[in-house]
Amino acid sequence: MGRDTIADIITSIRNADMNRKGRVRIASTNMTESIVKILLREGFIENSRKHQERNKSFLVLTLRHRRNGKGPYRNRNSLNLKRVSRPSLRIYSNYQRIPRILGGMGIVILSTSRGIMTDREARLERIGGEILCYIW
């Protein structure tokens, strides 16, 4: 049985954000590095660095603090991530039907023939692809 690395990334980041952790460690692959570059560029995470342990590569992500550390957890200010396409059900879209998250405030990450990119980049290049996840 294969592993869904994108779902693992999303779950790790979501859990770390909910528990107010500053850092999260994820496995490093070409796909995860591309997604992390997008998250960095869009400002959803603060920093990332590559770490090597016993012939295995990891990415250590520093999450951006979106709320003060006092009081109960509030879902409004948290980082929201949703996996759309998954190994058992692939979701594809052409560039005209790529959804807009919160009227353009969130991003859609797509896997296209030209690599992994955001919805804005895909619309500019007029190419569609597999919708990997939503982030808002």
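With rounding to the nearest 0.5 angstrom, the CG atom of Leu79 is 11.5 Å from the CE atom of Met18. For the atom pair Ser12 OG and Leu81 CG, the distance stands at 10.5 Å (nearest 0.5 Å). Interatomic distance, Ile13 CD1 to Ile35 CD1, rounded to the nearest 0.5 Å: 8.5 Å. One finds the CG atom of Asn80 at 8.5 Å from the CG atom of Leu102 (value rounded to the nearest 0.5 Å). Note that the CG atom of Leu110 and the OG atom of Ser93 stand 7.0 Å from one another [nearest 0.5 Å]. The distance from atom CG of Leu61 to atom CZ of Arg49, rounded to the nearest 0.5 Å, is 10.0 Å.
Applying the salt bridge (Lys or Arg N to Asp or Glu O under 4.0 Å) definition to pairs two or more places apart or across chains, those involving residues 89-108 are Arg90-Glu130.
Residue Arg126 comes nearest to Tyr95 through the heavy atom pair NH2-OH, 2.9 Å, listed as atom of the first residue, atom of the second, then distance. Considering all non-hydrogen atoms of both residues, Val24 and Ala16 come closest at CB-CB, 4.0 Å. Of all heavy-atom pairs spanning Leu40 and Ser48, the tightest one is CD1-OG, 3.4 Å. When every heavy atom of Phe44 is checked against every heavy atom of Arg64, the shortest pair comes out as O-CB, 3.9 Å.
With a 6.0 Å radius and a threshold of 12 heavy atoms from other residues, nucleotides or ligands, Arg23 has its CZ atom at or below the threshold.
When the side chain to side chain donor-acceptor pair (under 3.5 Å) test is applied to Asp8, the partners found at least two apart in sequence or on another chain are Arg3. The side-chain contact (heavy atoms from CB on, under 4.5 Å) check on Ile127 picks up Thr112, Arg114, Met117, Glu125, with sequence neighbours excluded. Residues forming a side-chain contact (heavy atoms from CB on, under 4.5 Å) with Ala27 (at least two apart in sequence, or on another chain): none. Remark: Ser28 pairs with Glu33, Lys50, Ser57, Leu59 by the side-chain contact (heavy atoms from CB on, under 4.5 Å) rule, at least two apart or across chains. Here Arg120 pairs with Glu42, Ile107, Thr118 under the side-chain contact (heavy atoms from CB on, under 4.5 Å) rule; sequence neighbours left out.
In this structure, the side chains of Ile9 and Met31 stay at 4.5 Å or more apart for every pair of heavy atoms. In this structure, Val36 and Ile26 have side chains that are in contact, with non-hydrogen atoms separated by less than 4.5 Å. Annotation: side chain of Ile131 is in contact with side chain of Pro99 (closest heavy-atom distance under 4.5 Å). Between Ile38 and Ile135 there is no side-chain heavy-atom pair separated by less than 4.5 Å.
In terms of hydrophobic clustering, with Ile, Leu, Val, Met, Phe, Trp and Tyr side chains grouped at heavy-atom distances under 4.5 Å, Met105 and Tyr134 are assigned to a common cluster. The hydrophobic cluster containing Leu124 does not contain Val108, counting ILVMFWY residues as joined when their side-chain heavy atoms lie under 4.5 angstrom apart, directly or transitively.
Checked by atom type and distance alone, the side chain of Arg83 never pairs as donor or acceptor with a backbone atom of Ile6 at under 3.5 Å.
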